[in-house]
Amino acid sequence: MQRPPEPDDLASYTRRRVLTAAVGIGAAAALGGCDASASSSSSDALQVDFGRTAFFPLVKSKIGVGRALNSDKILDSLRYLDEIRPALYDGELRFPDTDSDSMKPYPIEVEDGEVQVRRNSFLDTVQSELRRRRIEVMYQLEGAPQQWEDTAKAKAPRKFPAPTDLRAAADAVGKWAKLYNDQPVSWCMWNEPSHNLTGSPDLASIRQMVDIYDAYAGAIGPKGLFGMASFVPVDAHPRRQLGGRSYLETAVDELRKRRKTEPDLPFDYLTMNNYGEDLSDLVDGARNALGGDFNTVPLIQAQFGVFRPGEWEKKGGTALEAARSVAALEKALRIPDLQTFTFSGWVPHMIAFKGGEALRTPLFNALKLYARMPDRRTPVRGGLPDGVGAMASGDEHRSSVLVWNESGESRTIQLELADVPPADGGEAELKVYQIDQKHGSPLEHSGSDFGPSETVHLDGRSRKVSKTVTVAGPGLVYVEVGAASHHPVLDRDGLSATLVRKHTYADRVTGAKGTTTVRGNAYGCYDAVRAVAYVGVEGDEGTGLCGAEYRGLPQTLDTDVRAELPDRQPTSSEALFGIRVDYVLGHGVAKSVLWHGDILDKRRTKPLPWGRRGATADELVHAPELDRARVGHTRLALALGAHAPSGWASSGARAIISFWMDSTGPGSQARFLLG
């Protein structure tokens, strides 16, 4: 994984918003790099210039939350999702667990050889509440229905052994899953290999897992996404039993072989579960396993906790957990092909029920603050002691800095903020929030209220602010400057059209030694909660691309575009900056139209990996709004109806909208707001 930039290189770094279901967040913060050199001084200085932009591969697409759906407390907790607006909720469904609320009444019955499936009010409520909040849902399916559960083997480490009759179990689960395909749902097969099958690093175990994946995918026939099994860090390490290949690489190789004979077998994402470890080895192993032939398969950190199993359950709800989690998130946001980062333990690590009261823990409060941060990453400069980190972001509405301290010693930080945005009506507020054992941590002290510890009214004409803050050890401090009003980007809703599915692309290339990297650190990520696309390219070349398919689209779709492009015209023959629409009729994609600016090379050969797959489109429409000289901040009306094929509106007004930034030059990045 690429090392973080040095302070002088921060202008070339960006970030992307990612929060998922286990701890999903719809808003994410921009992150600059800090020089983390050790310091013994009692006060350290950080300089933040909000007029500058840093390049960072993950913007505000998806930060998620997750929790096994085995407690009725989940239903009581859903309303608190409104405070952090996660993009995704990741819920585990354990079929052998008949005592779980999500399995009562048990959803699958067999009488006289006939399989009957029934809905569950618990799951109905979960899904409807998430849909109402525009939060995506991903179900991780674990184990086999009780009728095909091998109870003799269902013990640790084989908690979820293979079904006694794979085809029967798959058909039953598929029949049940179709009850919940009335909206886009991401299905994920199986949990960590060490939890199920043989738990052994041998080829027979891997082939068995691919057999299960194949059977379940075919039976479910997903309308949303279907993902491969999760992996733990050890499975990214080479294994002697597998000829020097890792468990993860061998599993993907087996899936690759299967897809050669079954090309329609879905493989929409690769999930990872990880606790208490650095993600670097696992991500590198996953990327090497996927190589360059699965570039539409993003990586998803489906479950994450900062403490190892055994410690994690005991240390939840503390300020230390929040500080370490934010530090881990900062690292995760640097990974260009990591589409979603999900914090596990929505209950009780974020919402803890005690005495009939729902307590918001430090991690909940930290994510709530992070969700307030604009998506425009701002570089942070200055020295910080070990265990202390910072990220900053700002736009024309709000400026924010988040500082965290993982150590046990309090630190005083001098913040020098420059080029803060002018306030609405000439008056702005500076707010300071603290999270530590005495603030925002109800399990460590008696209070449960959380709000700003300090509010200062500023002269809206001043563009510089100096502020000294003390960050407890462990703890966090969040400083925000801006108007107290509604934020038009962070608080926006998605489209009124119905999301069918998202499309992602990672420009992975494999080198001579078999190591796979992301070309140009390019990224593309779509936030379906707010209908916002983020794309960027750090190097001279690379493809930043993402898309989303909707039905019920309007005749004209307004698009707000903010982009940063180099002064010079790109030289690559693949250069392209634009928005493409692939119109879908009943029989498939019928026509493609590309709205583009003056960055377009018609010699392009690299096709769109979905839709009609051409390197440009059937119809090219020059949109001056997307020209380099004008695109800093502009609005573009996509005349969808005027360019649509005959019968498009009457067939459901369905289309794939793709956002493209290919080889546009170093440090290119753009944000598209739909509607």
Pair L69-D101, side-chain contact (heavy atoms from CB on, under 4.5 Å): steps then yes or no: CA-CA 7 Å; L69 297 174; D101 288 283; over 6 Å; no

Verdict with reasoning, D582 to L608, per side-chain contact (heavy atoms from CB on, under 4.5 Å): CA-CA 10 Å; D582 283 60; L608 186 73; 3.9 Å; yes

Given side-chain contact (heavy atoms from CB on, under 4.5 Å), test F95 with M103 step by step and report yes or no. CA-CA 7 Å; F95 272 97; M103 292 286 137; 4.0 Å; yes

Would L585 and Y583 count as a side-chain contact (heavy atoms from CB on, under 4.5 Å) if you check the C-alpha gap in whole Å, the side-chain angles of each, and the deciding distance to 0.1 Å? CA-CA 7 Å; L585 296 180; Y583 293 91; 5.9 Å; no

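Each of W595, Y534, F659, W660 was checked for a ring-ring contact (aromatic ring centres under 6.0 Å, His included) with F672, and the lone residue meeting it is F659. Under the salt bridge (Lys or Arg N to Asp or Glu O under 4.0 Å) rule, D618 has a single partner from R612, K591, R613, which is R612.
Between Y216 and A169, the shortest heavy-atom contact is OH-CB, 4.0 Å.
Between the CG atom in D97 and the CD atom in Q146 there is a gap of 10.5 Å [rounded to 0.5 Å]. Interatomic distance, CZ of R580 versus OG1 of T616, reported as 7.5 Å (0.5 Å rounding). The structure places CD of E92 at 10.0 Å from OG of S100, a figure rounded to the nearest 0.5 Å. With values rounded to the nearest 0.5 angstrom, I84 atom CD1 is found 10.0 Å from F343 atom CZ. L495 CG to D558 CG: the interatomic distance, rounded to the nearest 0.5 Å, is 10.5 Å. In this structure, NZ in K502 is found 9.0 Å from OH in Y550, a value given to the nearest 0.5 Å.
You'll find the side chain of D507 stays beyond 4.5 Å of the side chain of L545, heavy atoms only. Side-chain contact between L299 and L290: present, with at least one pair of heavy atoms (C-beta onward) separated by less than 4.5 Å. Counting heavy atoms from C-beta on, the side chains of I74 and F122 come closer than 4.5 Å. Taking 4.5 Å as the limit, every side-chain heavy atom of T504 sits out of range of all side-chain heavy atoms of Y269.
Looking only at atom types and distance, the side chain of S658 has a donor-acceptor partner in the side chain of W610 under 3.5 Å away. Counting only N and O atoms by type, the side chains of D662 and T543 include a donor and acceptor under 3.5 Å apart. A side-chain N or O of Q127 and one of Y139 form a donor-acceptor pair less than 3.5 Å apart. In this structure, a donor-acceptor pair under 3.5 Å is present between the side chains of Y275 and Q303.
Without hydrogens or angle criteria, R67 side chain to V347 main chain gives a donor-acceptor distance under 3.5 Å. Side-chain N or O atoms of Q147 include none that pairs as donor or acceptor with a backbone N or O of A172 at under 3.5 Å. One N or O on the side chain of Q339 and one on the backbone of G524 form a donor-acceptor pair closer than 3.5 Å. Using modelled atom types, one side-chain atom of R508 and one backbone atom of F294 make a donor-acceptor pair closer than 3.5 Å. Between the side chain of R604 and the backbone N or O of A615, at least one donor-acceptor pair lies under 3.5 Å.
Classification of the F341-F304 ring pair by plane angle, with boundaries at 30° and 60°, yields tilted.
In this structure, R239 does not pair ionically with D202, as no charged nitrogen and carboxylate oxygen lie closer than 4.0 Å. Remark: R259 does not engage D293 in a salt bridge, criterion side-chain N to carboxylate O under 4.0 Å. Salt bridge present: D284 and R287 bring a charged side-chain N and a carboxylate O closer than 4.0 Å. Ion pairing of R167 with D171 is present here, as a side-chain N (NZ or NE/NH1/NH2) and a carboxylate O approach within less than 4.0 Å. Note on R258 versus E254: no salt bridge recorded, every NZ/NE/NH1/NH2 to OD/OE distance being 4.0 Å or above. Look at E142 and R94 and you find a salt bridge, because one of the NZ, NE, NH1 or NH2 atoms lies within 4.0 Å of a carboxylate O, short of that distance.
For CZ of R79, the number of neighbouring non-hydrogen atoms (other residues, nucleotides, ligands) closer than 6.0 Å is 12 at most.
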